Structures are given as structure tokens and as C-alpha cells.
Amino acid sequence: MTTRFALVDCSSFYASCERVFRPELEGKPVVVLSNNDGCIIARSNEAKNLGIKMGAPYFQLRDFMEKQGVAVFSSNYELYGDMSRRVTNVLLQFTPNLEVYSIDESFMDFSHLKEEDVISHSKQLRERVLQWTGIPVSVGVGPTKTLAKVANRLAKKKAADEGVMVLTNTSDIEAALEQTEVRDVWGIGRQHAARLQAIGVGNARQFRDLPADWVKKNMAVTGLRTVLELRGSSCINLEADEVPAKKNICTSRSFGQPISTLSEIEEALSTHTVRCSTKLRRQESYAGAITVFLLTNRFAKDASSDYYSSKSARLPAASNSETQLLRYANALLKQMFRKGERYVKVGVVLSELVPAEQVQLDIFSVENTEKQDKLMMTLDNLRQRFGHAAVKYAVQGEEKNSKWAMKHEHLSQCYTTRFEQLLRAR
DNA sequence: TCTGGGGTCCTAGGACCC
DNA sequence: TCTGGGGTCCTAGGACCC
């Protein structure tokens with residue numbers, strides 16, 4: 001049996017999510033902003049056609065977009081996460097062999113389909129997702145994941161009502177690779193694209209035909225893997241099983257405005273640390289080390305090279321205790337903080353993660369660990385039922401009206417999870 | 001005034017050992 | 001003070017992804 005992968009990609013996902021609940025925006029330009037309303041991270045086709053670029057700073061385009069009548073939204077991850085789960089549930093009706101690759105993309109195993117059924121199957125899938133969730137998707141099919149990605153890009157370019165592209169025979173693949181610029185190949189970033197461009201490799205077909213040893217030497221094994229995948233031999237498997245446990249967990253945010261006082265940064269860092277340790281416990285891990293990093297404005301006129309500073313500490317024994325992590329985080333922060341700097345962002349990374357069942361208990365504090373575990377479980381439950389703000393530490397301060405809280409001036413409602421929100425508000 | 005957040009993998013080079 | 005080769009482990013940094 002030949003392998004066959006489908007890549008299903010939600011079109012302009014965040015913008016589409018917002019539009020599902022604002023049907024009057026159908027056919028109108030819509031954009032969604034990053035955290036802090038910083039830059040543009042999703043655009044409907046109409047917005048793309050206005051020349052609005054991905055990643056463009058919002059403040060530079062604000063006036064232009066207002067004139068053009070573009071609907072602007074702050075990012076609402078609660079909504080997008082919920083919509084993403086709905087899409088996945090529909091996809092699972094078509095095959096259980098599915099890998100959720102990101103919030104808006106899934107790889108599916110189509111190896112079991114007869115070749116002549118692939119197109120109709122893909123079209124049916126597309127229609128059902130649209131009908132049941134309101135989200136338009138494009139479907140690309142190919143013998144490897146990388147070729148499925150290539151197919152998907154082309155599917156998007158086809159007439160809006162199709163959105164399906166299947167690559168099976170060699171001549172179709174050849175043509176598809178000719179049409180694909182090398183910088184648009186999955187696994188080729190800015191640096192490699194520039195290098196390839198410089199030696200005259202402009203499209204994916206030319207890249208595929210480079211000698212393997214040149215690729216290995218200049219682009220490491222990851223580059224070689226990409227070439228092999230373009231040649232049709234599958235090197236990157238579907239990871240359909242349980243998502244592997246993360247090896248690092250990080251929480252960070254830019255401040256709403258620059259901050260120079262230690263106490264305000266402490267509030268932000270403490271809030272991030274609580275969030276981060278909640279993620280840690282959700283995947284049932286313990287952390288062996290903690291890192292705090294702090295950024296000054298790298299866009300400032302007099303930007304010095306050391307806009308980034310970080311400090312790490314190893315914990316005496318792997319821990320998932322919020323109180324302990326908070327102590328360490330704030331101690332590290334105090335070592336790094338310098339008066340007179342204008343800081344724009346702080347974050348925490350938990351690393352050297354170990355699964356709960358493998359934790360080496362600190363023999364001197366067995367009792368404490370048990371108590372801590374119970375306390376943490378109670379906190380997690382409370383927060384899950386009543387929201388993050390339900391239980392806080394004094395050091396987290398009051399997020400509302402603080403300088404460090406995110407800007408979110410165009411936030412939509414949490415339509416799909418509003419019921420829980422109402423409960424919370426009571 | 002205003003430029004996101006959260007990850008993974010690979011490699012080179014240093015530290016250390018015998 | 002100088003003289004060697006070979007191996008492992010760790011870390012920082014680079015490149016990539018969405």
C-alpha cells in the first residue's frame with residue numbers, strides 16, 4: 001500500500017472564527033491582531049487583497065484599515081481553541097489516524113483510500129467541516145507530508161469553491177514543484193531560502209534535484225529529509241498518538257507599556273509563573289530547572305546589543321509546586337533587574353521536565369511534597385471551575401489597570417464558551 | 001507612543017575523562 | 001614545560017515551525 005497524507009488547513013483561521021459569529025462580515029476584510037494588539041497575525045482573503053501583510057505592525061496600518069473598512073479583532077484564543085476542537089471532531093469522522101499539527105492544521109492518513117476516491121473524499125470532508133463548524137478549509141493530498149503541504153498551498157490558490165488538490169502521478173508533482181517557490185517549502189526558512197536563491201535555486205523542483213550530499217553538508221539532516229520527501233519518499237511520519245509530553249514549558253507576555261519598577265515586573269512574572277506551573281501540572285510533569293528572561297525594547301533607537309538577559313537555577317528536587325517556583329522565579333528576577341532600564345517583556349521557562357511517576361522524591365521533605373500536591377490539585381480545580389483569577393497570590397497584584405496587562409482593545413466575546421463565563425461572573 | 005507567543009531539532013565547540 | 005588521541009556529555013546558538 002502506498003502512503004498518502006492529507007493536510008487540512010483552516011483558511012485564515014482566526015479571521016474565519018470571528019466571522020462565524022459575525023455573519024455580516026462575510027465577504028468583508030477581517031484581520032486579527034497578536035497579543036497586545038501588536039501586529040497582524042490573520043487576514044481574510046479580502047484583507048490580503050488589500051495588500052495587508054502578515055506580521056505587519058498594527059499601528060502602521062491602523063488609519064489605512066479604518067479607511068478601508070477592515071474589521072479588526074484582538075486575538076481571542078479561548079474562542080479559537082474551542083473552534084479548533086470542533087473542526088478536529090469532524091475530521092475524526094473521516095479517519096481516526098489524525099495528527100493535530102497546530103491549532104489550524106491537521107495531517108490525516110489517507111493511505112487506505114482508493115486512488116479514484118481521494119478527490120471526492122476530500123471534497124466531502126471540506127463540505128462537512130464548513131457545514132458543521134462554519135470554517136472553510138483547504139485540503140492537500142500527497143505521498144509525503146511535505147508534498148501534502150505543497151498540494152495544500154496550491155489548493156488555496158484554486159477557485160474558492162474547490163479548495164482541494166491531490167498530487168499522485170509524477171507529472172502532476174513535477175508541475176506542482178515548478179510552481180512552488182523554494183522559500184514556500186515546508187522546512188525552508190528565510191536563511192536557507194536566501195542561500196539557495198544565491199546558488200540559483202528558485203523553485204522546489206530545482207531544490208529537489210540538488211545532490212543529496214550538498215544538501216546534507218549545507219542544510220544538515222533536516223534539509224536532506226525535506227529533499228527526500230519532495231522526491232516522494234516519506235521520512236516524516238504521522239504522529240497520531242497522544243501528543244508527546246513537552247520538554248520545556250514557557251509563559252511570557254509583552255507588557256502593555258514599558259516598565260522600570262521591580263515590583264510591577266514581579267507582578268507580571270508571578271502571574272506568568274502561576275500559568276506556567278499550571279501547564280506543567282496539566283501534562284503531569286515536574287520541573288528540574290527554571291529560567292527567567294527579561295527584555296528591553298529592541299526597537300529603541302539606542303538599542304544596545306544586550307536587550308535580552310536571562311538567568312537559570314536548578315531546583316534541589318524536581319518540583320511542580322507553585323509556591324516554590326514563585327520563590328525561585330522572583331529571586332532570579334532580582335538578580336537580573338537593573339534600575340533605569342525600560343523593560344518590555346518578562347517570561348519564565350520550566351525545563352528538565354520529568355513525568356510525575358519518575359520523580360525522585362526529596363527524602364527530606366516527603367511529607368511536604370504530599371501536602372503540596374494536595375494544595376496544587378485544589379488550586380487547579382478551583383481555577384478550572386472559576387477561571388484563572390479565582391485564586392491568586394498577593395505578589396501577582398491586580399492585573400486590571402496595571403501597566404503590564406496586555407492591550408486587548410478589539411476583543412470579541414467568547415461566544416462558544418460564554419456559558420462558563422457567565423457562571424464565573426456570578 | 002505603538003513591532004506576538006510558544007515550541008522543536010540539530011550542531012559546533014568546550015569541558016572533562018582516560 | 002612539553003607532548004596525543006579518542007570518547008562522552010553538556011550547552012549555547014541557530015534554524016525552523018505555527
Side-chain angles (χ1 to χ4, degrees), chain A residues 7 9-10 12-14 31-42 53-63 65 72-77 80-81 84 99-107 145-146 149 152 182-196 215-226 235-236 239 243-259 268 272 275-276 279-280 283 288-289 291 293 295-301 303 307-308 310 312 314 342 344-353 403 406-410:
Chain A
L7 175 66
D9 182 309
C10 300
S12 317
F13 183 54
Y14 300 165
V31 302
V32 177
L33 306 176
S34 65
N35 275 336
N36 253 335
D37 293 348
C39 46
I40 289 156
I41 54 169
K53 295 271 183 297
M54 182 75 174
Y58 173 47
F59 73 92
Q60 285 175 1
L61 291 180
R62 185 162 29 202
D63 296 344
M65 293 201 293
V72 176
F73 293 91
S74 300
S75 40
N76 183 344
Y77 287 102
Y80 312 148
S84 175
E99 171 189 345
V100 176
Y101 177 67
S102 74
I103 194 165
D104 67 339
E105 279 177 57
S106 287
F107 285 105
K145 278 184 166 180
T146 307
K149 274 269 192 183
N152 191 282
V182 71
R183 61 154 186 249
D184 294 328
V185 172
W186 189 44
I188 305 293
R190 271 227 310 276
Q191 308 293 325
H192 287 325
R195 285 266 286 303
L196 291 167
V215 177
K216 172 95 193 284
K217 185 155 165 262
N218 291 278
M219 302 172 65
V221 297
T222 40
L224 183 59
R225 214 148 39 207
T226 301
C235 309
I236 308 174
E239 289 172 27
V243 269
K246 295 196 191 322
K247 298 168 181 173
N248 304 288
I249 295 180
C250 168
T251 303
S252 72
R253 293 282 182 282
S254 299
F255 305 137
Q257 48 184 295
I259 294 182
H272 300 342
R275 288 294 279 274
C276 204
K279 292 189 212 170
L280 177 75
Q283 83 158 27
T291 303
F293 61 91
L295 272 68
T296 58
N297 188 0
R298 79 192 134 138
F299 295 103
K301 296 268 180 327
Y307 71 93
Y308 176 93
S310 76
S312 306
R314 191 163 263 126
R342 302 178 77 226
V344 298
K345 179 174 179 175
V346 70
V348 60
V349 185
L350 301 177
S351 53
E352 295 181 25
L353 305 191
K403 277 158 86 178
M406 272 200 295
K407 247 189 286 180
H408 246 165
E409 288 169 358
H410 307 278

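This one's a predicted model, so the numbers in the text were calculated from it and none came from an experiment. Lettering of chains follows the sequences in order, A, B, ..., and the numbering in each one begins at 1.
- As the counterpart of C/dG14, B/dC9 is assigned, both hydrogen-bonding distances of the Watson-Crick or G-U wobble pattern falling under 3.5 Å.
- Comparing B/dG5, B/dC9, B/dG7 by their nearest atom to the side chain of A/Arg225 picks out B/dC9.
- Within 4.0 Å of A/Asn36, counting heavy atoms only, lies no atom of the nucleic acid at all.
- Ranking B/dG5, B/dT11, B/dG7 by closeness to the A/Val221 side chain, first place goes to B/dT11.
- Using a 4.0 Å heavy-atom distance criterion, A/Ile188 is classed as a sugar-phosphate-only contact.
- You'll find that the side chain of A/Gln191 is closest to C/dC16, out of C/dC16, B/dG4, B/dG7.
- Phosphate contact (OP1/OP2 of B/dC9, side-chain N/O of A/Lys247, threshold under 4.0 Å): present.
- For A/Arg62, whose side chain is taken as the heavy atoms from C-beta onward, the closest listed nucleotide among C/dC18, B/dT1, B/dT3 is B/dT1.
- Checking B/dG6, C/dC18, B/dT3 against every side-chain atom of A/Glu105, the shortest atom distance belongs to C/dC18.
- No contact: A/Tyr58 has no heavy atom under 4.0 Å from any strand.
- Backbone-only contact: A/Asn248 has heavy atoms under 4.0 Å from sugar-phosphate atoms and none from a base.
- Contacts of A/Ser75 with the nucleic acid, taken as non-hydrogen atoms under 4.0 Å apart, are absent.
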